[in-house]
Q: 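First, the structure itself, so that you have it in front of you.
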Amino acid sequence: MQSPASSRPLVGVALVVGSCLSLPFGAAVAAQLFPVLGPWGVTSLRVAIAALVLYVAVRPRPRRWNRQQWTAAVLFGVSLAAMNGCFYAAIERIPLGPAVAIEFLGPLVLAAVLTRRLADAVWVGVALAGMALLGIDGMVGSEPLDPVGLAFILVAAAFWIMYIRMSARVGRLIPGHSGLSVGLLVAAVLLLPVGVPAAVTVVAAPDLLLLAVITAVLSSVIPYTFELAALRRLPQRVFGVLLSLEPAFATLAGWLILGQDATILRMLAVALVIAASVGTTLGVRREKRDEGPFTAPIPLPE
């Protein structure tokens with residue numbers, strides 16, 4: 001029997017857009033903590049707070065899991081820890097918009113590998129053109145890309161692929177949000193060695209703790225919950241291209257919160273990634289109309 005959720009792809013689209021809107025604004029808030037806590041300290045606090053919030057809300061019971069479920073949750077946690085830590089280390093050195101654009105090479109590669117229709121490949125190409133423009137702007141504009149920051153963001157892109165794959169696997173194997181909750185706990189434990197000094201600092205400064213909580217909610221709780229739910233409603237290839245909205249929102253967040261320039265190249269790139277996202281969304285609707293009820297390749301757990 002088909003799940004009602006699997007017949008509503010546009011709900012999945014809305015969830016991805018919500019994630020793309022929340023995540024870069026959370027990163028912009030986090031960047032304000034880097035001078036005091038450092039990028040890895042902020043990452044550790046963000047993940048730990050998010051893990052605590054979700055654990056209280058979800059109350060997972062992993063003792064009943066089998067080896068396959070535990071493996072998926074642990075690998076999911078590894079991808080979360082590495083992806084987030086490398087991303088924050090990168091945006092300490094390079095502007096937010098170009099950083100997200102370059103990191104997006106990960107999902108773009110995944111979408112290109114998984115695509116099955118010519119139209120999907122065309123939209124991947126449009127999104128890739130937008131990413132290229134953002135990258136060029138970062139190299140030739142007033143804010144050149146730091147090579148260390150570039151290395152960190154490329155590593156983050158690789159772990160983003162792992163995150164998408166493991167998120168889908170966790171959603172398939174583990175009911176509800178228990179897999180996400182345990183995955184965040186695993187990530188928090190892995191980041192603990194770099195998080196202890198940051199925790200000591202924020203205990204003495206409640207204003208920093210408030211910013212850390214806001215960062216955790218915007219950058220972890222909301223996007224990961226939304227993305228896990230979206231992956232249960234959308235094919236991974238569609239999910240990957242829809243994430244092309246994120247660099248557009250990252251450029252906006254960098255401009256509004258961090259005062260980073262919104263140049264002509266960046267605005268043109270925003271137009272391209274939005275076009276790719278709209279095209280992909282229309283493709284989902286067309287597929288639903290032409291092929292009957294939409295069936296996601298990631299079924300909801302019973």
Q: Mind listing the side-chain donor-acceptor pairs of residues 175-184 below 3.5 Å, one per line with the distance, residues two or more places apart or on another chain?
A:
none

Q: Considering only heavy atoms from C-beta outward, does the side chain of L173 approach that of W65 to under 4.5 Å?
A: no
Q: Return the OG to CG distance between S44 and L192, rounded to the nearest 0.5 Å.
A: 6.0 Å
Q: Side-chain atoms of residues 72-85: list all donor-acceptor pairs with protein atoms under 3.5 Å, sequence neighbours left out, distances to 0.1 Å.
A:
from, atom 1, to, atom 2, distance (Å)
S79, OG, F76, O, 2.7
N84, OD1, R46, NH1, 3.1
N84, OD1, R46, NH2, 2.7
N84, OD1, Y224, OH, 2.9
N84, ND2, L80, O, 2.7
N84, ND2, Y224, OH, 2.8

Q: Is a donor on one side and an acceptor on the other found under 3.5 Å between the side chain of T71 and the backbone of R67?
A: yes
Q: How many angstroms lie between atom CZ of F152 and atom CD of E103, to the nearest 0.5 angstrom?
A: 13.0 Å
Q: Do V148 and W40 sit in the same hydrophobic cluster, where Ile, Leu, Val, Met, Phe, Trp and Tyr count as joined when their side-chain heavy atoms come under 4.5 Å apart?
A: yes
Q: L268 and V126: same hydrophobic cluster, using ILVMFWY side-chain contacts below 4.5 Å?
A: yes
Q: With the 4.5 Å side-chain cut-off for hydrophobic clustering, are L185 and L52 part of the same group?
A: no
Q: How many angstroms lie between atom OG1 of T225 and atom CD1 of I222, to the nearest 0.5 angstrom?
A: 8.5 Å
Q: Specify the closest pair of heavy atoms between T43 and Y88, including all atoms of both residues, with the distance to one decimal.
A: OG1-CD2, 3.1 Å
Q: Kindly work out whether a path of hydrophobic side-chain contacts (I/L/V/M/F/W/Y, heavy atoms less than 4.5 Å apart) joins I214 to L208.
A: yes
Q: Looking only at non-hydrogen atoms, find the nearest pair between A50 and A216 and report the distance.
A: N-CB, 4.0 Å
Q: Report, one line per pair, each donor and acceptor closer than 3.5 Å where one atom sits in a side chain of residues 13-38; sequence neighbours left out.
A:
from, atom 1, to, atom 2, distance (Å)
S19, OG, E227, OE2, 2.6
S22, OG, L218, O, 2.5

Q: Is the shortest heavy-atom distance from the side chain of I94 to the side chain of L150 under 4.5 Å?
A: no
Q: May I ask you to test the Q69-R169 pair for a side-chain heavy-atom distance under 4.5 Å?
A: no
Q: For the pair R59 (side chain) and Y55 (backbone), establish whether a donor and an acceptor sit closer than 3.5 Å, ignoring hydrogens and angles.
A: no
Q: As an exercise, state the distance from OG1 of T201 to CG of L45, rounded to the nearest 0.5 Å.
A: 8.5 Å
Q: Following the transitive rule for hydrophobic clusters with a side-chain heavy-atom cut-off under 4.5 Å over Ile, Leu, Val, Met, Phe, Trp and Tyr, establish whether V189 and I49 coincide in one cluster.
A: no
Q: Grab the two heavy atoms, one from G12 and one from A230, that are nearest each other, plus how far apart they are.
A: O-CB, 3.7 Å
